[in-house]
Amino acid sequence: MLIDGCGRQIDYLRLSVTDRCDLRCAYCMPPEFDDFEISDQWMNFNEIVRICRIFIDLGVSRVRLTGGEPLVRARIVDLVHGIGQLPGLYDLSLSTNGTRLQEFAPKLQTSGVQRLNVSLDTLSPHRFLTLTRRDALHNVLAGLEVARKSGFRLIKINMVWLPEFNGDELDAMIKYCMERNFVLRLIENMPMGDAARQLGSSSLQPLISELRERFHLVDQIVAGAGPARYLATPDQSFSVGFITPMSQHFCEACNRVRVSVTGTLHLCLGQNHRLELLPMLRGGSTDQEIALQIREAVMQKPLSHEFQTNPKKIVRIMASTGG
Ligand code: SAM
Ligand code: SF4
């Protein structure tokens, strides 16, 4: 088992397969952003699969592929297939902005992805264009329809809560998710990079109380949910999750670490503690040596982020960390 210095069990790896993206969400990647990693610093597929295997041997049982936008990485389905075959991996999931799901959803499902998280902050084409700088809502919605019929165990919709921008769409989003059996997840904007910081963050707490009352929601226990909290209708037919790093963090339940496309192990989304894996991968280290370094780094995983007390601390954007 991989246990950190605070006694938390780390069983979940978020792995970024690229820091590139075909959208420019205002809270993530500024339009002029071009500080991307150069391709010879990207882990190749053998290196990514090896890192996954080492983490699984250490006790990680769940892997989420993310980015940037994972579906822009060439031959992503081959990579998914390689990871999906690893013995000891209990759950393989993927986060996507959905623009390419029409093409990829069935292939991802048959290659081993069990669950999808799809970003969707608005159902308005005009607002989508304003927020992401791309006119692609129709692709995302069509992709979600394909995904829905592709046999995934679960599809979650990630909506970053920006009340002045999408607050009036909450009911429409709930209806959209209810009708399709999607879990809705509302997320407080985190101050990662200047663009996100400038947008500010609104607490989800008033909304949690309001939704609880309106829909008679009850607490839902979701195994391995980590720092997310879920409520569900009494018949469990609809669930809504709340990611509240700003208004009420659940860092004490954190069960995850992240690896960027260049092999940087980030121990906390909101701290700078890291370990560079690429020099070891390319420098002849054995699996055992890498595993030992990971174990030691995980012992240094910080107790919590400082998004509230030190909001300027994190200059890297979510897309480069692996959200
Ligand atoms: N491109 C994929 C997507 O959009 O789902 C995967 C990567 S994206 C970085 C992962 C998640 O991070 C998305 O749900 C996105 O909404 C969220 N995210 C990005 N920047 C954020 C921020 N500043 N605060 C909160 N969530 C953020
Ligand atoms: Fe791209 Fe996802 Fe960041 Fe939006 S949130 S810019 S889709 S990586």
Side-chain angles (χ1 to χ4, degrees), residues 14-37 64-73 76 93-101 104-105 108 113 115-122 127-134 136-137 139-140 143-144 147 155-163 165-166 173 182-204 227-228 241-247 249 256 258-261 266 269-270 305 307-308 311-323:
R14 287 205 179 173
L15 204 140
S16 172
V17 299
T18 179
D19 61 342
R20 315 263 164 153
C21 189
D22 53 351
L23 299 184
R24 292 289 180 275
C25 301
Y27 47 74
C28 183
M29 204 182 283
E32 69 285 359
F33 184 85
D34 64 356
D35 191 16
F36 293 107
E37 304 292 352
R64 171 174 296 278
L65 302 181
T66 181
E69 173 48 40
L71 301 187
V72 306
R73 176 107 190 218
I76 181 70
S93 58
L94 181 135
S95 291
T96 174
N97 62 29
T99 58
R100 299 173 185 218
L101 270 181
F104 282 105
L108 292 170
V113 172
R115 301 184 298 120
L116 283 183
N117 280 12
V118 183
S119 288
L120 186 62
D121 301 311
T122 175
R127 285 182 181 178
F128 189 96
L129 173 61
T130 307
L131 189 74
T132 70
R133 276 105 180 169
R134 299 284 185 278
L137 179 66
N139 292 329
V140 178
L144 275 163
I155 298 179
K156 293 182 185 169
I157 300 296
N158 280 348
M159 179 184 190
V160 176
W161 184 239
L162 303 166
F165 176 79
N166 59 9
M173 196 66 88
F182 296 156
V183 171
L184 177 62
R185 298 207 319 165
L186 297 162
I187 304 174
E188 289 174 353
N189 184 34
M190 294 172 233
M192 298 194 65
D194 284 339
R197 247 186 302 278
Q198 277 160 21
L199 278 176
S201 189
S202 292
S203 169
L204 281 167
F242 301 92
I243 320 287
T244 57
M246 306 303 289
S247 65
H249 73 69
R256 61 204 59 188
R258 294 171 168 83
V259 173
S260 77
V261 65
H266 291 284
L269 202 50
H305 60 69
F307 286 143
Q308 282 288 18
K312 292 195 176 153
K313 184 163 197 168
I314 302 301
V315 292
R316 62 178 191 269
I317 60 173
M318 189 75 91
S320 64
T321 316

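Order of appearance sets the numbers: ligands from 1, and atoms from 1 within every ligand.
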For ligand 1, the portion of Val160 having any non-hydrogen atom under 4.0 Å away: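 For Val160, only side-chain atoms sit under 4.0 Å from ligand 1.
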For ligand 1, the portion of Asp121 having any non-hydrogen atom under 4.0 Å away: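 Under 4.0 Å from ligand 1, Asp121 contributes no heavy atoms.
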Going by the atom numbers of ligand 1, which of them fall below 4.0 Å from some non-hydrogen atom of [X]?
X	value
Ile187	25 (C), 26 (N)
Asn158	14 (O)
Thr66	6 (C), 7 (C)
Ala196	23 (N)

Looking only at non-hydrogen atoms, which of [options] approaches [atom] most closely?
atom	options	result
atom 8 (S) of ligand 1	Gly67, Pro245, Ser95	Gly67
atom 9 (C) of ligand 1	Glu188, Met318, Met192	Met318
atom 7 (C) of ligand 1	Gly193, Cys21, Gly68, Ser201	Gly68

Rounded to the nearest 0.5 Å, what separation is found between the [atom1] atom of [X] and the [atom2] atom of [Y]?
X	Y	atom1	atom2	answer
Met29	Phe36	CE	CZ	4.5 Å
Leu120	Asn166	CG	CG	10.0 Å
Leu71	Cys21	CG	SG	10.0 Å
Leu101	Asn139	CG	CG	10.0 Å
Arg100	Asp22	CZ	CG	4.5 Å
Trp161	Leu186	CH2	CG	6.5 Å

Identity and distance of the protein heavy atom lying nearest [atom]:
atom	result
atom 1 (Fe) of ligand 2	Cys21 SG, 2.3 Å
atom 22 (C) of ligand 1	Asn189 OD1, 3.3 Å
atom 5 (O) of ligand 1	Ser119 OG, 2.8 Å

Side-chain ion pair, Asp121 and Arg127, N-O less than 4.0 Å: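 No salt bridge links Asp121 with Arg127.
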Arg258 and Thr321: CA distance, side-chain angles, deciding distance, side-chain hydrogen bond (donor to acceptor under 3.5 Å, both in side chains) verdict: CA-CA 7 Å; Arg258 294 171 168 83; Thr321 316; over 6 Å; no
Glu69, any N or O under 3.5 Å of ligand 1 N or O: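 Such a contact does occur with ligand 1.
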Min N/O separation Met190 to ligand 1 under 3.5 Å: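 N/O-N/O distance under 3.5 Å: yes.
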Residue Cys25 vicinity, atoms of ligand 2 by number, heavy atom under 4.0 Å: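 The atoms of ligand 2 under 4.0 Å from a heavy atom of Cys25 are 4 (Fe), 5 (S), 6 (S), 7 (S).
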Interfacing atoms of ligand 2 (cut-off 4.0 Å, heavy-atom, Asn97):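 Near Asn97, the atoms of ligand 2 are 7 (S).
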Cys28 N/O/S atom closer than 2.8 Å to atom 1 (Fe) of ligand 2: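 Coordinating: no.
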His249 vs His305 side-chain heavy atoms within contact, under 4.5 Å: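 Yes - at least one pair of side-chain heavy atoms lies under 4.5 Å apart.
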Pairwise side-chain contact, Ser202 with Glu188, heavy-atom cut-off 4.5 Å (strictly under):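 Contact flag for Ser202/Glu188 side chains = no.
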Derivation and outcome, side-chain hydrogen bond (donor to acceptor under 3.5 Å, both in side chains), residues Arg64 and Ser95: CA-CA 7 Å; Arg64 171 174 296 278; Ser95 291; 3.1 Å; yes
Gly68 near ligand 2 by a heavy-atom separation under 4.0 Å: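 Under 4.0 Å: yes for Gly68.
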